[in-house]
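The structure appears right after this line, and notes come after that.
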Amino acid sequence: MMKYIIELILSIGKVDRRWIFLVIGLAVLLPLFFPLGLPIRATNATQRVYDAVEELEPNSKVLVSFEYGPSTKPEIHPMAIAILRHLFTNSQKVYVTCLWPDGQFMAEDALTEIAEEEYGLTYGEDYVLLGFRPGNEAVVKGLVSNIRKLYTTDARGTLVDQIPMMANVNKVKDFDFIFSASAGYPGTIEWVQYAADPTGVPMSTGTTSIQVNDVMPYVQSGQVKGILAGMPGAAEYEALIGSPGIGTSGMDAQSIAHLVIVLFIVFGNITYFIETQRAKKY
Amino acid sequence: MIIGAWISVFLTLAILSYLYKDNLFYKVAEHVFVGISTGYWTSMFFWTQIQPNLFGRLWPATEYDASSLWYKFYNVFGVFSSVFPEGGIAKGHDMHLIYLVPFALGIMMLLSVSSKLSWMARWGIAYTVGMAAGLRAYGFLNSNVIGQIKGSAFQLVNSNLPYFALVGESIFNNFVILIGTITGLMYFYFSREHTGNFGRLTKVGIYFLMISFGASFGFAVMGRISLLIGRFVDLIHYSSSTYNHATLWILLIMVVLLGYSAFMDKSAPIEPPAK
C-alpha cells in the first residue's frame, strides 16, 4: 500500500506542467462562478489606512496619485475605487496626479465611475485630475516645491489658475494627506522619499502584492500610515467602508488558488525528498 | 464597444495560449503589445511634456510678437498647427529661454542613432545620471537611512506592551526586530570571515533573510493570482450575450486552430537527424 502511495506521489511529481496550469486555472475560475463567501477580516495595516482617512477633517485636501496601468489594474483599481469612495463619502477634496502615463486612463476611469456617476460631484470644485507628467521622482520633487511650475493645465487642458479648488494649492505642504496607488517605480517609495518625509504630510499607500515587502519597512517605522496589500488589501478596505466590490468578489478565488499552490509545493517537496532518499540508497 | 471587447478577449486568450506552447496567436499579441505601448508612451510624453512644458516655455502665447525674429522662426513650423498653433502656445507659461539647454540635450540624446554623432548623446546621459544620482542620494539618505534608523530605535521593554502578540507591537516582537536587524546587518559585513560565534550570528541573519524572501515569494504568487482573477473576471463578463459571447467564440476558434496545428505537426514526416 505504502509503495503504491509513493509511486503515485512520484507520478504526480512528474506530471506535465500544463496540467498544473489547468488545475490552477480551474481553482481560480470555479470560485468566480460559485462564490463561497469566505470571511474577510481587516489586517492591522489596512485598518491603519482606514483610520488615517477617517481622522481627516471634512474638506481636507487629499492628493491621490495613480501609478499603475492595465497590467496591474485587478490589484490596484479596486483599492483606488474604495479609497475614492471613502474620501468622497467624508466630503474630502481630491486632487489626482499620475506618475505613470497609463495611470491617467485609470484615474479617468475611476473618477468617472465614482465622482461623476456615483456621487454626482463637480469637476474643479470637488475633485480635479491634474494628469500625468513624465520625470519620475523629479515630478514628486517638483510638486513639493511648486505645483504650478509643473502643472499649468490639468488633464482636460484647463488652466490650473482657473480651477476653483486649486486656489491656495501651490505645493505638497498645502495638502492634508497623500495616498499613492502604486504598482512599482515610480510610486510609493518615491512619494515617501521626496514628499512625505521631507514635508511631514501624512501618507498611506495601496500597492501590488509584490511590492509589499519593499514598502513594509516604511509602514513599520511609521513613515507610511498603513498599506493596502494587493487584492486582499482592497477587499479588506471594501469591508471596512461597507461597500463590497471587485476586490471582495475575487477573494474566494484567491484563497482556493493559494490552497492549491500550497498543495503543489508540498507534493513537490515530498517528491524531491523521496527521490533524494532513493538516490542515496542506490 | 463590442469590437473593443472582442479585441480584449482575443489578446487575453492569445497571451494565455503561451501556457500551452509558443504559437502564432501569442506572437501576434506580443508584437501588438510592444508596438502599441511604444506608440502610446511616445505620444503621451510628447503631448504632456514636450509640447506644453518645453515648446510652451520657448514660444508662449503671452509674449507672441509676429514681427520678432524668434516668433518668425516659430511661424515656419506653423504647418504643424496642432503642435505649433498660430499666436504661440497657450499653456500658462512665460518665456524661459533657459529651456533651450534641455531641448539641445534632448536632441543630442536622439543623435545616439548616428554612429558619427553618437558621442553627443553622452552629454545628455551625463546630465541625467548626475541629476538622478544627486536626487536619489538625498532621498535614500533621508528616508532609507535616517528614517529607518529612527524607526528601529524604540524602547525594547515597554511596560505598556503585552509580552507576546502575533499582530502589532509586543515585547517579544521588539526583540525579534532587534535580533533580525543586528544579525541581518552582520551578514552583510564582509571584512571578517563568517566563522565561529560571528558565523553563527550571521547564520541567524540568513534565516531572517530567507523568511523575508519566502514572504516576497508568497506576495509574488498572490499578485499573479490577482492578475489572473482580473483577466478571468473580464473574460466572464465578455462571454455574455451583450458582447455576442466573445469569449466562447474566440476560445473555440483558438482551440480548434491550435489543435489542427498540433495535428499537422504530428503528421508531418520526421526529419532525419543531421549527419
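Hydrogens, waters and symmetry mates are skipped; everything else that's a heavy atom, side chains included, is used. Chain identifiers are assigned alphabetically (A, B, ...) following the order of the sequence lines, protein sequences preceding nucleic acid strands; residue numbering begins at 1 within each chain.
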Considering only heavy atoms, which portion of [X] lies under 4.5 Å from any heavy atom of chain B: side chain, backbone, both, or neither?
X        : value
A:Tyr218 : both
A:Thr43  : neither
A:Asp102 : both
A:Gln220 : side chain
A:Gln104 : side chain
A:Ile20  : neither

Can you tell which of [options] has the highest number of heavy-atom pairs within less than 4.5 Å of chain A?
options                              : answer
B:Lys21, B:Met44, B:Met222, B:Lys91  : B:Met222
B:Pro52, B:Ser37, B:Gly147, B:Gly151 : B:Gly147
B:Ala132, B:Gly92, B:Gly139          : B:Gly139
B:Gln49, B:His93, B:Gln148           : B:Gln148
B:Arg57, B:Met131, B:Arg136          : B:Arg136

Aromatic contact, B:Phe217 with B:Phe219 (centres under 6.0 Å):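 Not close enough - the centres of the two rings lie 6.0 Å or further apart.
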Would you mind telling me which of [options] has the largest number of heavy-atom pairs within less than 4.5 Å of chain B?
options                                : result
A:Lys149, A:Gln211, A:Arg17            : A:Lys149
A:Gly230, A:Ala253, A:Pro198, A:Gly131 : A:Pro198
A:Asp214, A:Ile246, A:Thr208, A:Leu32  : A:Leu32
A:Leu22, A:Val192, A:Asn44, A:Leu29    : A:Leu29

Please look at [X] and chain A and tell me whether the side chain, the backbone, both or neither of the residue comes under 4.5 angstrom of a heavy atom of that chain.
X        : answer
B:Ile177 : side chain
B:Phe140 : both
B:Ser152 : neither

[X] [atom1] to [Y] [atom2] distance, which is reported to the nearest 0.5 Å:
X        : Y        : atom1 : atom2 : result
A:Ser209 : A:Leu228 : OG    : CG    : 11.5 Å
B:Ser216 : A:Asn213 : OG    : CG    : 3.5 Å
A:Tyr194 : B:Leu135 : OH    : CG    : 4.5 Å

Compare every heavy atom of A:Gln254 with every heavy atom of A:Pro232, then report the nearest pair and how far apart it is.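 Nearest heavy atoms, A:Pro232 then A:Gln254: CD-NE2, 4.3 Å.
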A:Pro202 to A:Lys225 - nearest heavy-atom pair and separation: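 So the minimum-distance heavy-atom pair works out to CB-CE, 3.6 Å.
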Parallel, tilted or perpendicular, as decided by the 30° and 60° cut-offs, for the rings of B:Trp59 and B:Phe55: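 Taking B:Trp59 first and then B:Phe55, their aromatic rings sit tilted (interplane angle of 30° to 60°).
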Test side chain to side chain contact (heavy atoms under 4.5 Å, CB included) on B:His245 and B:Ser240 and set out the steps. CA-CA 5 Å; B:His245 310 289; B:Ser240 68; 5.9 Å; no
Look at atom CD of B:Glu63 and say whether more than 12 heavy atoms of other residues, nucleotides or ligands are closer to it than 6.0 Å.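 Counting neighbours around CD of B:Glu63, more than 12 heavy atoms of other residues, nucleotides or ligands fall under 6.0 Å, so yes.
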Does B:Tyr138 have A:Lys141 sitting over its ring (NZ/CZ under 6.0 Å from centre, angle to axis within 45°)?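 Yes, A:Lys141 sits over the ring of B:Tyr138.
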Would you indicate whether the side-chain heavy atoms of A:Trp191 and A:Ser182 approach each other to under 4.5 Å?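 Sidechains of A:Trp191 and A:Ser182: no contact.
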